[in-house]
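I have placed the structure first, in the form of structure tokens, so that the comments after it can refer back to it.
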There are 2 protein chains.
Amino acid sequence: MSTKKISEGTISRLFIYLREITALVRMNIRTISSAELGERTNLTDAKVRKDLGQFGQFGVSGSGYDTGELKVALERILGKDKTWNVAVVGTGQLGSALLAYPGFKQHKLSVVAAFDADTKKIGKKISGVMIDSIEDMPKIIKEKKISIGVVAVPSESAQDAAEKLVAAGVSCILNFAPTSLSMPEKVKVKDVDLSRELETLSYFLANKR
Amino acid sequence: MSTKKISEGTISRLFIYLREITALVRMNIRTISSAELGERTNLTDAKVRKDLGQFGQFGVSGSGYDTGELKVALERILGKDKTWNVAVVGTGQLGSALLAYPGFKQHKLSVVAAFDADTKKIGKKISGVMIDSIEDMPKIIKEKKISIGVVAVPSESAQDAAEKLVAAGVSCILNFAPTSLSMPEKVKVKDVDLSRELETLSYFLANKR
DNA sequence: CAGACTTTGTACCATTTTTCACAGAATAAG
DNA sequence: CTTATTCTGTGAAAAATGGTACAAAGTCTG
């Protein structure tokens with residue numbers, strides 16, 4: 001394994017490159033230059049080369065990158081060959097939508113458990129996933145080898161839900177609650193806050209010249 | 001207006017501060033120090049002061065920030081005093097969920113139009129919003145003074161949908177399609193790509209040591 | 001009202017990220 | 001084979017971001 005640490009920005013962009021490269025392969029385009037890949041992803045050629053360069057030398061001077069080769073390399077780098085198990089906490093409007101969301105499966109993530117505090121919901125199924133009691137979380141997380149927890153509860157309960165997930169053993173949290181979670185260093189937290197995205201747009205509109 | 005450009009990161013954090021401050025005001029807490037605000041938002045005191053400092057001097061040495069005053073100031077800075085109109089293109093699974101999403105209203109965004117290419121859907125309502133034909137987009141966007149367009153169509157049609165929105169007059173795009181949109185400089189594009197967030201988590205899991 | 005304490009605003013420094021720019025490698029053309 | 005062209009990989013410069021530290025300003029206490 002390479003020793004230097006790769007920035008989150010780079011990782012995020014690698015997925016963008018992979019998406020584009022996959023489309024190119026499908027179109028039977030065999031090679032692409034950093035300049036054109038940059039064009040297609042709205043990034044600069046230098047950034048493309050720097051990002052890719054961190055993992056070795058894929059390019060060929062004078063002709064560019066071989067799409068097929070690059071696709072395989074990126075998939076390996078990005079760990080697209082493994083599947084991870086996911087648990088969703090909260091089965092309200094948002095939680096239910098997430099349970100139905102096909103994107104998890106598409107990205108090798110398998111939603112294998114759902115939890116809710118409402119005892120009336122326990123034992124029922126949503127999109128084929130059984131709803132369990134929060135109390136059974138430690139047992140189920142361990143049994144089903146779940147490593148990603150999705151927090152889809154109201155803000156007030158978000159910190160608590162996240163702590164329970166971490167205590168039960170997950171190492172990544174995907175947080176949909178619009179609140180800042182305090183988590184130990186070792187836990188990876190990813191906030192998905194649609195409100196804030198929307199608000200940023202408001203700011204742009206209010207301040208555009 | 002201040003002349004220097006404010007970074008997107010700062011803007012995003014201002015909304016976090018505002019959220020926290022709003023909660024504090026509700027709890028009748030009158031002042032707060034940058035240190036404590038930082039604690040509550042998982043940011044450092046210096047960053048809080050630096051962010052706020054870019055818009056003037058709100059703090060009082062020795063006692064901190066007046067929550068009521070700061071709330072008003074932030075709301076003004078962030079344009080929360082105005083309401084913006086939104087149109088959603090695409091009324092499939094995701095589009096429908098967005099039309100039902102209460103977060104828009106909560107953030108002074110009003111979804112006043114929806115468009116779909118499927119003629120069978122036109123004329124129907126989802127969550128109280130009428131679905132119109134893409135052809136009528138220019139007229140409706142203008143009439144209803146819509147400034148934000150939400151792209152909730154499949155990747156293949158995303159670029160086209162975005163271009164139509166921009167041609168009709170919107171200046172911000174919220175893009176849910178997992179593809180990179182090419183847009184004129186002046187248009188603000190915000191990508192919301194749950195897949196990529198998920199994938200980044202996968203990468204973290206695959207490479208955590 | 002003096003001295004101890006708190007807390008801001010900012011200048012300075014460190015680190016990370018982005019951009020620039022160019023030597024050298026591969027290709028293409030005559 | 002030689003020359004022109006394309007395009008990578010990467011140092012070095014520049015910009016952005018984040019963190020430290022402290023003077024100055026305000027508050028609190030007796």
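Quick note on labels: first sequence line is chain A, next is B, and so on, each numbered from 1. These numbers were taken from a predicted model, which means no experiment stands behind them.
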Choose from D:dG26, D:dT10, D:dC7 the nucleotide whose nearest atom is closest to any side-chain atom of A:Gln57.
D:dT10

Of the options D:dT8, C:dT17, D:dT27, whose atoms approach the side-chain atoms of A:Ser34 most closely?
D:dT8

Separation of [X] atom [atom1] from [N] atom [atom2], in whole Å?
X	N	atom1	atom2	answer
A:Asp66	C:dA26	CG	P	15 Å
B:Phe55	C:dG9	CZ	C1'	15 Å
B:Glu8	D:dG18	CD	P	13 Å
B:Asp51	D:dA16	CG	P	16 Å
B:Leu52	C:dT8	CG	P	9 Å
A:Gln54	D:dT8	CD	C1'	15 Å

Decide yes or no for [X] and [Y]: does some side-chain heavy atom of the first lie under 4.5 Å from some side-chain heavy atom of the second?
X	Y	result
A:Ile6	A:Phe55	yes
A:Met137	A:Val89	yes
A:Arg19	B:Asp193	yes

Do A:Ser12 and B:Arg196 get their side chains close enough for a donor-acceptor pair, meaning under 3.5 Å?
yes

Hey, are A:Thr91 and A:Asp116 close enough side-chain-wise for a donor-acceptor pair under 3.5 Å?
yes

For DNA chain D, determine which residues of residues 13-21 of chain B have any heavy atom closer than 4.0 angstrom to one of its atoms, and list them numerically.
B:Arg13

B:Asn42 side chain vs A:Leu181 backbone, donor-acceptor pair below 3.5 Å
yes

Return the 5'-most residue of the pair A:Thr10, A:Ser63 with respect to DNA chain C, ranking by each residue's nearest nucleotide.
A:Thr10

Taking only residues two or more places apart in sequence, or in another chain, which ones meet B:Asp45 in a salt bridge (charged side-chain N to carboxylate O under 4.0 Å, His left out)?
B:Arg49

Checking all strands, does B:Gly59 fall into the base, sugar-phosphate, or nothing category for heavy-atom contacts under 4.0 angstrom?
sugar-phosphate

For a quick test of reading the model: is some side-chain N or O of A:Tyr65 closer than 4.0 Å to OP1 or OP2 of D:dG9?
yes

Summarise how protein sits on nucleotides 20-25 of chain D as a single string, 5' to 3': B when a protein heavy atom is under 4.0 Å from the base, S for sugar-phosphate-only contact, - for no contact.
BB---B

First encountered from the 5' end of DNA chain D, between A:Gly64 and B:Val60
A:Gly64

Evaluate A:Asp118 against A:Ile131 for side chain to side chain contact (heavy atoms under 4.5 Å, CB included), listing each step before the verdict.
CA-CA 10 Å; A:Asp118 183 350; A:Ile131 304 178; over 6 Å; no

